[in-house]
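In the text below, chain A, chain B and the rest are named by the order of the sequence lines, each starting its count at 1.
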There are 2 protein chains.
Amino acid sequence: MPSFTPQDLASDPPAAATDIWDQWLAPLEAADHAYVPVRVADVLRRAISAGQILPGTKLPEVKITTRLGVSRHTLRSAFQMLSADGLVDRRPNRGVFVHVPTSEDVREIYRIRLILETGAVRTTVFPPEATQQLIQITRGAERAREAGDVLAMGQANQEFHQRLVAQARSSMLDELMSKVLARMRLVFAGRLGDPDFHAAYVAGNVKLAELLSRNRREEAEEHLVNYLLSAEQDLLRRLKT
Amino acid sequence: MPSFTPQDLASDPPAAATDIWDQWLAPLEAADHAYVPVRVADVLRRAISAGQILPGTKLPEVKITTRLGVSRHTLRSAFQMLSADGLVDRRPNRGVFVHVPTSEDVREIYRIRLILETGAVRTTVFPPEATQQLIQITRGAERAREAGDVLAMGQANQEFHQRLVAQARSSMLDELMSKVLARMRLVFAGRLGDPDFHAAYVAGNVKLAELLSRNRREEAEEHLVNYLLSAEQDLLRRLKT
DNA sequence: AATCGCATATTGTTGAACAATCATGTGACC
DNA sequence: GGTCACATGATTGTTCAACAATATGCGATT
């Protein structure tokens, strides 16, 4: 699975007959009624989150429009959405580039998660259905770990924490958390070749869910704080090397 | 200062020779280099936040483009930004409307503020410069109250809490807080005729700043929680009537 | 080797056009 | 008189073509 290198994609491919963009960006199938810009944004979002388009890569308008068969305006509209998601950076008169996450990004991510997730735990009561759902997700994560499915493990982990925040019952907070997790995926997609990062934290999720189900709020919060702080340190350490 | 009524703006004005849009939307001055869509968004944002365009009002594309002298594409780009800010709602194939805040919105706002602001207080240390800045803002609010400048009071209040969140040092959180406060202004701009709502809370801000400056984190947090909860109840009560 | 200037490519914005969808009003029918 | 169907008009969604403004790269000049 070759993923192409940053920057030099804008220039012609060395000797490839087929342009590299063709690999990931198929023409939009004539779908029913979803707005074209959001479908375009979805395609790009998927490709970026999956690490098929690496951080730092420039996304040239004409290349993509011709591949996708949409107008430049439509693509630009999609770019705006991706920009709002924090997946791409818009550099004036230069184009949009897949955001390159930094270690400062990682620190900010965990600062936000600390506030959001502990906030959710502290300010809301978790009904049995909610904790049950969380436990369900951890079960899936454990199965994925046993099966060696790293991707599914990561997804389960993210869903767990997304659900945690969802308990605060705020679409704005949900959106922010999605944004944060998307940037998180960007960190992984970028340089992290060691993807069983999540493995160590499945157990942490299990314990957290269990504490919440027994309504041990204080302990849950303390556990969560330690969880996040150590995850941050762990991730930063891995990125250093 | 007449503010025009929702909905029926799309139809012709009763007997006015000048179209109502002309009142607030002057043609864009040929400014230097800021992107046209963001300038358009700024104009509309200002008009909406100031209550000149009331919640529920439809924003027709051609009317505004002709008044502002920009292309439809540019306006649509601006609409996307306003939509991301939560100031307008995009109804498919119908157009964009100024968001109509509900009491559920108010509850969500305070749920978010509770998490964000207490989170900022708990997870960050407030250096003297920061607390000094907060106190400075409360001074301005008190002066505004004495001068009877309700608008300035509200702005100072909002800036105070924005600064509070800013201590968490996260641009994403800053953006979210801006979004929340923008929606707050929408609540006021809408039906709230009683604008000295903020007056009661200037004292609360003063006390909070003082507690923070003395590094009384626990008390500050407790005070903040009570502050927010009572403000929410107060606001909801006023909206009911 | 470094700098300047110019040709070229890409982005930012506009205008016109058309398809698709929604809103309106008219008339037929009960 | 009221209600439904339908035709009409208006508005939004999208594309195409064009041009201005800015950045990029290359070659000439020193």
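- The distance from atom NZ of B:Lys63 to atom C1' of D:dT11 is 11 Å, rounded to the nearest whole Å.
- Exactly one of B:Glu104, B:Glu117, B:Glu232 qualifies for a salt bridge (charged side-chain N to carboxylate O under 4.0 Å, His left out) with B:Arg111. That residue is B:Glu104.
- Per the geometry, CG belonging to A:Leu68 stands 10 Å off P belonging to D:dT15, to the nearest Å.
- No donor-acceptor distance shorter than 3.5 angstrom exists from the side chain of A:Glu61 to the backbone of A:Arg76, with no hydrogens or angles considered.
- Salt-bridge check for A:Arg39 with A:Asp42: failed, with every basic side-chain N at 4.0 Å or more from each acidic carboxylate O.
- Summarising the geometry, atom CG belonging to A:Leu176 is positioned 8.5 Å from atom NZ belonging to B:Lys179; distances are rounded to the nearest 0.5 Å.
- Applying the side chain to side chain donor-acceptor pair (under 3.5 Å) rule to A:Ser77 yields the partners B:Gln80; only residues at least two apart in sequence or on another chain are considered.
- Put simply, A:Lys58 has a side-chain N or O that comes within less than 4.0 Å of OP1 or OP2 on C:dT11.
- Using a 4.5 Å cut-off on side-chain heavy atoms (C-beta onward), A:His99 and A:Leu87 make no contact.
- At D:dG13, one or more side-chain N or O atoms of B:Arg90 fall inside 4.0 Å of OP1 or OP2 (strictly under the cut-off).
- In terms of position on DNA chain D, the residue among B:Val96 and A:Thr74 whose nearest nucleotide sits closer to the 5' end is B:Val96.
- Atom CD in B:Glu61 sits roughly 6 Å away from atom P in D:dG13 (whole-Å rounding).
- As rounded to whole Å, 12 Å separates atom C1' of D:dG13 from atom CZ of A:Arg39.
- One N or O donor and one acceptor, one from the side chain of B:Arg72 and one from the base of D:dG13, sit under 3.5 Å apart.
- The CG-P distance, from B:Leu59 to D:dG13, rounds to 13 Å in whole Å.
- In the interface, the side chain of B:His73 is not paired with the base of D:dT14 through any donor and acceptor atom under 3.5 Å apart.
- Atom CG of B:Leu75 is separated from atom P of D:dT12 by 9 Å (rounded to the nearest Å).
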What protein N or O atoms touch nucleotides 23-26 of chain D N or O atoms at under 3.5 angstrom, if any, and at what distances?
unit_1	atom_1	unit_2	atom_2	d
D:dT24	OP1	A:Arg94	NE	3.3

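- Within the model, atoms OG1 of B:Thr57 and CD1 of B:Ile48 stand 8.5 Å from one another, a figure rounded to the nearest 0.5 Å.
- Put simply, CZ on B:Arg76 is 8 Å from C1' on D:dT14, counting in whole angstrom units.
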